[in-house]
Every structure is written in C-alpha cells, then in structure tokens.
Amino acid sequence: MKLTEDLAKSLLRIRGLPVPEGSAAASAEEAAAFAQAQGGRVAVKALIPTGRRGKVGLVRLTETAGEAAEAAREMIGAEAMGQRIAEVYVERRAEIEREFYLSFAFGDRAPRLVISCEGGVDIETVHTERPERVVVKEIDPLRGLKPWDAIECWLEAGLCGRELAAVGRLTARLYDAFVALDAVMMEINPLAVDVEGRPALVGAMMEIDDFALYRQRGVAKDGLPTPPANPREAAVQEANRAYPGADSRYTELEGDIGLLVAGGGAGLLQHDMIVEMGGRPANHSDVSPAPGTEKMEAVLDAIFTNPRSRALLVGYNYLQMAPCDQVAKALKISVKRNGVDACRFPIVLRLFGPAETEARKIVATIPGANYLPEGATLEEGCRAVVEAVRKTSATAGAEVTR
C-alpha cells in the first residue's frame with residue numbers, strides 16, 4: 001500500500017518528527033490560499049504515490065501565491081507517470097543547507113538502512129557512479145537501531161560536524177516509526193539540514209504492509225493505491241481494516257456468478273473453468289482465514305447485493321487453516337441478512353475439510369443451497385453453478401413470456 005506524501009507526512013508528524021507544514025489542495029484556489037499564508041514561498045508537488053516527481057517537473061518551487069496557483073492549475077487533472085493527478089501537496093519551503101538520503105526497507109534476512117550524504121533527485125546517479133558514497137547496513141530486528149549505532153553509520157557515510165548527532169538521533173526515531181507504522185519501505189529524500197544544523201523531512205515516501213492495515217487506523221481510504229470502484233468494494237475494504245486476521249479482497253467484474261474463493265491457484269482455476277464453460281464471474285475474491293466471520297460476511301454481502309449477481313459458488317480446494325463450519329456460519333448470516341432465496345439465487349458449495357459435518361448441518365438449514373457430495377471436483381463445482389444459472393435464466397425467461 002503506497003501512501004501519498006500528505007498521508008505519509010501526517011503519520012510522521014503525529015509521531016513528533018520534523019515535517020514541514022503542508023496541506024493537500026484539490027484546486028488552484030486552495031493551493032494559493034495555503035501559499036499566501038506561508039508568504040508565497042512553497043513547494044507544489046503532484047500528489048501521487050510515487051517518487052522521482054522532481055525529475056519530471058512535478059515539483060515546483062514558488063515565490064508567490066500566484067505562482068503556486070499556476071503550478072497547481074497545470075498539474076491538477078493531468079496524467080503523469082501513469083496516474084491522474086487529482087490533488088497537489090503544497091508545503092512550506094525549507095531553508096536547505098545540505099541534502100541527505102535515507103531509506104529503510106527489507107533485505108533478504110533483516111530490515112536494511114541505506115544512507116548517503118549526497119541526497120536529492122540525483123541519488124540514482126550517486127549510487128551508479130559513486131557507490132562508495134552509499135552506505136547499506138542491516139539492522140538486527142531484536143535490537144533495533146540505537147542512536148549511537150545510527151551515528152556510526154553516518155560517520156561511515158562521511159557526515160561530521162554539528163549535524164551528526166541530530167541526524168543520527170533522527171535516524172533512530174525514523175526506524176522506530178518504520179516499525180510502529182508496519183512499513184515495508186520508507187524513503188526520506190531529501191533529509192534536509194538548514195544553516196542551523198536542524199534536520200527536516202522534506203521528501204517522504206512510505207509503503208505499509210497490507211496485512212497490517214487493521215492496526216493502522218490513521219491510514220485513510222484515500223491512502224489506498226486504487227480507490228474502491230463502488231460501495232460494495234468499499235465496504236469490504238472497510239471490514240478488512242476494522243477486523244483482525246488475514247486479508248479479504250473483493251473486486252467486481254462484469255459477470256453474474258459470484259465467487260467466494262481463496263486467492264491462490266484453486267481460486268484462479270475455478271475462475272478460468274467457469275469462463276471456459278460459458279459462465280461469467282461477477283467478481284474475483286481472495287478470502288483467507290480470520291478469527292471471526294466478519295470479513296467473510298462482508299464479501300458475501302457484496303456478492304448478494306451486487307445487482308449483476310445471479311448465483312454463488314463457494315469453492316475451496318481443501319480447507320486446512322480454517323474449519324468449514326466457519327464458512328457455513330458466515331454464509332447463513334449473510335443469506336439471512338440479505339434475504340437471499342437460494343431456490344431463485346443458486347448457491348453451490350464445494351467445501352471440504354475440518355468441521356465439514358458441522359458445516360453440512362448449517363447449510364442444510366438454508367433451503368435450496370446445493371452442498372456437493374464428498375469427492376466432487378473443482379470442475380464439477382464450476383459446472384454445477386454455471387448450469388444452475390442457465391436453468392434459472394431459462395425459468396425467468398419462460399415466466400416473462402407467459
């Protein structure tokens with residue numbers, strides 16, 4: 001989950017880190033108003049979750065509110081780096097004496113710190129032409145990064161003088177934030193130092209582990225890499241953040257057969273088999289085990305309320321990490337909540353594994369639901385739901401004709 005700069009900096013600012021004052025603006029007028037409050041000297045940045053914006057003219061330094069408005073007007077609505085710019089980030093200009101580079105990410109075995117005293121937009125050139133100027137250190141995840149360790153790293157990178165202690169302490173605090181925010185990547189470029197030796201996080205990018213979003217309440221919906229296409233997708237995303245456990249995803253397609261499947265090979269195989277049989281999946285899903293049924297209910301609710309859905313296939317290869325009755329409980333709750341008649345809206349289950357006997361008892365209380373017998377193949381489950389849709393379509397057509 002790549003965060004836009006305003007969201008990344010707000011999370012860092014909340015932790016008391018030195019972030020210049022800034023604000024998102026959706027119009028040239030909003031950009032001008034913030035710039036006016038800052039005396040006109042601001043940086044206007046395209047608010048898209050990617051780096052290297054300065055290289056392609058998506059960061060403008062202005063001296064007046066009018067210049068800020070013009071920069072915002074040119075960026076907002078434009079397409080750049082494969083994305084549409086809906087907003088800009090307007091930030092008070094920092095007085096920069098020196099620029100450094102800092103990032104945290106994960107190596108093969110441990111978190112990794114990368115630093116250089118030659119930060120800024122040309123850091124890739126530094127890495128290519130002067131690799132000795134870039135210091136890479138692995139961090140012991142149990143010990144963490146202490147201020148004195150960070151200072152040693154910066155000494156190796158060539159930093160000395162009065163900035164050394166401040167930059168070292170800030171680096172340790174940034175690593176603490178990297179861990180606390182469940183980040184998988186954090187890049188500060190530039191980490192700027194003013195004439196008084198005070199550091200500031202002028203450029204900040206961050207990616208957060210998708211599976212940890214339920215812990216990160218400060219990550220708003222607009223921090224997602226792609227916004228939900230409709231209220232049903234949004235509801236699944238909200239449930240995914242609100243409840244603990246593994247991830248649940250739901251993406252709507254143009255078809256009419258709802259799929260409650262895991263996102264691995266078996267789920268993709270069923271999708272392809274349905275298409276080969278002439279059916280049309282209404283959604284793709286990736287539903288992993290979780291402590292409760294809430295996330296699975298959210299996906300089922302989305303399937304049942306999708307106006308294009310006309311049937312449901314619950315298809316798993318063989319459940320090992322969750323009991324079958326948990327899936328059955330979620331199904332029964334959602335069927336009742338949404339008033340689904342399984343005689344008119346076919347429900348086919350190919351669901352084998354632990355607690356299967358209990359699951360069959362629960363599904364037996366849903367009139368019309370078709371729980372396939374033990375030993376039924378994935379192909380048989382797909383064929384059953386495709387044929388059920390054809391049968392209900394033919395019945396509906398005959399009723400209309402009469």
Side-chain angles (χ1 to χ4, degrees), residues 245-250 253 255-293 295-297 299-304 309-336 338 340-395:
D247 222 18
S248 290
R249 302 174 190 271
Y250 170 85
L253 305 173
D256 54 12
I257 297 176
L259 299 177
L260 181 71
V261 298
L268 297 174
L269 177 60
Q270 290 173 99
H271 180 113
D272 290 347
M273 286 193 295
I274 287 172
V275 172
E276 288 180 0
M277 293 172 185
R280 299 182 305 147
N283 65 277
H284 179 69
S285 69
D286 180 353
V287 185
S288 302
T293 62
K295 290 188 176 185
M296 194 169 293
E297 289 173 40
V299 175
L300 287 164
D301 288 346
I303 292 171
F304 289 142
S309 292
R310 296 163 63 188
L312 167 66
L313 171 64
V314 179
Y316 288 85
N317 194 11
Y318 186 88
L319 280 181
Q320 298 180 34
M321 300 177 67
C324 295
D325 63 342
Q326 187 180 40
V327 180
K329 289 174 185 175
L331 176 63
K332 183 172 182 178
I333 291 170
S334 186
V335 163
K336 182 177 180 180
N338 293 287
V340 176
D341 180 358
C343 296
R344 293 177 174 271
F345 188 106
I347 297 175
V348 176
L349 297 93
R350 185 200 179 274
L351 187 64
F352 310 138
E356 183 181 334
T357 300
E358 292 80 358
R360 289 185 180 277
K361 291 178 181 178
I362 294 170
V363 174
T365 65
I366 304 174
N370 179 13
Y371 202 135
L372 298 181
E374 186 175 352
T377 64
L378 291 172
E379 183 178 0
E380 288 171 336
C382 294
R383 183 170 289 109
V385 75
V386 171
E387 291 178 354
V389 169
R390 287 174 180 159
K391 187 178 296 184
T392 54
S393 297
T395 301

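Only heavy atoms go into these numbers, but all of them, side chains included; no hydrogens, no water, no symmetry mates. Computed from a prediction, not measured in an experiment: that's the story for all the values here.
- Distance alone, capped at 3.5 Å, is enough to place a donor-acceptor pair between the Q270 side chain and the G315 backbone.
- Remark: the backbone N or O of Y250 is not paired with any side-chain donor or acceptor of S285 at under 3.5 angstrom.
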In a table with atom names and distances, give each donor-acceptor pair under 3.5 Å that connects a side chain of residues 323-332 to protein atoms at least two apart or in another chain.
{"from": "Q326", "atom 1": "NE2", "to": "A290", "atom 2": "O", "distance (Å)": "2.8"}
{"from": "Q326", "atom 1": "NE2", "to": "P291", "atom 2": "O", "distance (Å)": "3.4"}
{"from": "Q326", "atom 1": "NE2", "to": "G292", "atom 2": "O", "distance (Å)": "3.4"}
{"from": "K332", "atom 1": "NZ", "to": "T365", "atom 2": "OG1", "distance (Å)": "3.2"}

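- Under the 4.5 Å side-chain criterion, counting only non-hydrogen atoms from C-beta, I347 is in contact with F304.
- Residues passing the side-chain contact (heavy atoms from CB on, under 4.5 Å) test with P281 are L253, L259, H271, I274, V275, sequence neighbours excluded.
- The distance from the CG atom of L260 to the CG atom of L312 is 6.5 Å, given to the nearest 0.5 Å.
- For the pair D341 (side chain) and C343 (backbone), a donor-acceptor distance under 3.5 Å is present.
- Looking only at side-chain heavy atoms (C-beta outward), E380 and R350 stay at 4.5 Å or farther from each other.
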* **side chain to side chain contact (heavy atoms under 4.5 Å, CB included) between V335 and F345, worked out** => CA-CA 10 Å; V335 163; F345 188 106; over 6 Å; no

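- Atom CG of N317 sits about 5.0 Å away from atom CG of L378, to the nearest 0.5 Å.
- Between K336 and I366 the shortest side-chain heavy-atom distance does not fall below 4.5 Å.
- With hydrogens and angles disregarded, no donor-acceptor distance shorter than 3.5 Å links the side chain of S309 to the backbone of G258.
- Considering only heavy atoms from C-beta on, Y316 comes within 4.5 Å of V287 through its side chain.
- Separation of atoms SG (C382) and CD1 (I257) is listed at 8.5 Å; rounding is to 0.5 Å.
- A salt bridge does not link E387 to K391: none of the charged side-chain nitrogens sits closer than 4.0 Å to a carboxylate oxygen.
- Atom CD1 of I333 and atom CG of L300 lie 10.0 Å apart (nearest 0.5 Å).
- Note that the CD1 atom of I362 and the OG1 atom of T357 stand 11.0 Å from one another [nearest 0.5 Å].
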